[in-house]
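Take a look at the structure below.
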Amino acid sequence: MGTLSKVIYIDSAGREYAVDATVGDTVMATAVKNGVPGIVAECGGNCSCATCHVWVSDEFAPVVGPPNDMEEDLLDMGVSERRGTSRLSCQIRITAALDGLRVEIPPEQP
């Protein structure tokens with residue numbers, strides 16, 4: 001088993017789902033594997049839909065970094081409420097530096 005980092009998913013009702021994520025996996029894959037509701041992930045992590053949209057907590061936004069151009073386009077077109085910390089969770093790879101990462105799941109995905 002690889003190194004683990006904790007990721008906390010917060011749904012639209014404020015429920016928290018704290019899961020152990022394997023370093024190297026994505027935030028999206030970790031959610032799907034652990035049955036976290038709200039991460040639809042229609043395209044399976046290929047950055048071709050926006051159904052794994054999350055809002056990264058402010059304290060982790062600088063560590064996670066900004067979206068790339070392709071992700072930026074999908075976020076612009078596909079999400080109901082774009083925020084400054086909006087990211088597609090399939091594009092966030094778990095690292096040791098992201099231990100304790102908190103992401104909010106929007107009430108609806110596109």
Side-chain angles (χ1 to χ4, degrees):
M1 186 128 176
T3 312
L4 298 177
S5 282
K6 179 130 350 257
V7 178
I8 298 133
Y9 300 86
I10 303 141
D11 72 12
S12 57
R15 284 184 296 263
E16 292 193 5
Y17 302 84
V19 298
D20 290 326
T22 304
V23 168
D25 281 356
T26 64
V27 172
M28 185 256 345
T30 300
V32 170
K33 212 183 321 189
N34 289 281
V36 175
I39 304 276
V40 180
E42 270 176 21
C43 78
N46 294 311
C47 198
S48 60
C49 73
T51 60
C52 69
H53 173 222
V54 295
W55 298 305
V56 176
S57 62
D58 290 338
E59 70 266 29
F60 277 98
V63 185
V64 169
N68 65 28
D69 291 345
M70 194 165 139
E71 182 182 351
E72 191 73 60
D73 290 346
L74 287 166
L75 286 166
D76 279 345
M77 293 181 323
V79 304
S80 51
E81 191 184 339
R82 173 85 194 256
R83 295 183 184 173
T85 61
S86 284
R87 289 294 310 269
L88 297 182
S89 58
C90 70
Q91 299 302 297
I92 304 171
R93 207 149 285 286
I94 307 288
T95 65
L98 292 180
D99 188 31
L101 172 67
R102 296 173 68 83
V103 295
E104 277 184 76
I105 303 166
E108 56 193 44
Q109 297 285 11

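Annotation: side chain of Leu98 is in contact with side chain of Ile92 (closest heavy-atom distance under 4.5 Å). Within the 4.5 Å cutoff, side-chain heavy atoms of Val27 are placed close to those of Ile94.
Here the CG-CG distance, from Asn46 to Leu88, works out to 12.0 Å after rounding to the nearest 0.5 Å. Atom CD of Glu72 sits about 12.0 Å away from atom CD of Gln91, to the nearest 0.5 Å. Taking OG of Ser48 as the reference point, atom CD of Glu42 lies at 9.5 Å (rounded to 0.5 Å). Rounded to the nearest 0.5 angstrom, Met28 CE and Cys47 SG are separated by 10.5 Å. Atom-to-atom distance recorded for Asp25:CG and Arg93:CZ is 7.5 Å, nearest 0.5 angstrom. For the atom pair Leu75 CG and His53 NE2, the distance stands at 5.5 Å (nearest 0.5 Å).
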Could you walk me through whether Ser5 and Leu101 pass the side-chain contact (heavy atoms from CB on, under 4.5 Å) test, one step at a time?
CA-CA 8 Å; Ser5 282; Leu101 172 67; over 6 Å; no

Evaluate the side-chain contact (heavy atoms from CB on, under 4.5 Å) criterion for residues Thr85 and Asp58: first the C-alpha distance (whole Å), next the side-chain angles of each, then the deciding distance (0.1 Å), finally the verdict.
CA-CA 7 Å; Thr85 61; Asp58 290 338; 3.6 Å; yes

As a quick check of understanding, evaluate side-chain contact (heavy atoms from CB on, under 4.5 Å) for Ser89 and Val103, giving each step before the final call.
CA-CA 9 Å; Ser89 58; Val103 295; over 6 Å; no

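When atom types are taken as modelled, the side chain of Gln109 and the backbone of Ile39 share no donor-acceptor pair closer than 3.5 angstrom. With Asn68 contributing its side chain and Met70 its backbone, the two residues share a donor-acceptor pair below 3.5 Å. Remark: side-chain polar atoms of Arg87 are not paired, donor with acceptor, to backbone N or O of Ala61 under 3.5 angstrom.
Closest approach of Cys52 and Cys90 over heavy atoms only: SG-N, 3.4 Å. Tyr9 and Ile105 get closest at one heavy-atom pair: CB-CD1, 4.0 Å. Among all heavy-atom pairs drawn from Ala50 and Val79, the shortest one is CB-CG1, 4.0 Å. Taking both residues in full, the closest heavy atoms of Tyr17 and Pro37 are given as OH-CG, 3.4 Å, listed atom of the first, atom of the second, then distance. Nearest approach of Pro107 to Trp55, heavy atoms of both residues: CD-CH2, 4.0 Å. Pairing each heavy atom of Ile8 with each of Ala18, the nearest pair is CG1-CB, 4.0 Å.
Under the 4.5 Å side-chain heavy-atom criterion for Ile, Leu, Val, Met, Phe, Trp and Tyr, Val40 and Leu74 are members of distinct hydrophobic clusters. Both Val19 and Phe60 belong to a single network of hydrophobic side chains, linked directly or stepwise wherever heavy atoms of I, L, V, M, F, W or Y lie under 4.5 Å apart.
Ionic pairing of Glu104 and Arg102 is not present here: no N-O contact between side-chain nitrogen and carboxylate oxygen is shorter than 4.0 angstrom. Lys6 has a carboxylate O that lies under 4.0 Å from a charged side-chain N of Asp20, or vice versa, which qualifies the two as a salt bridge.
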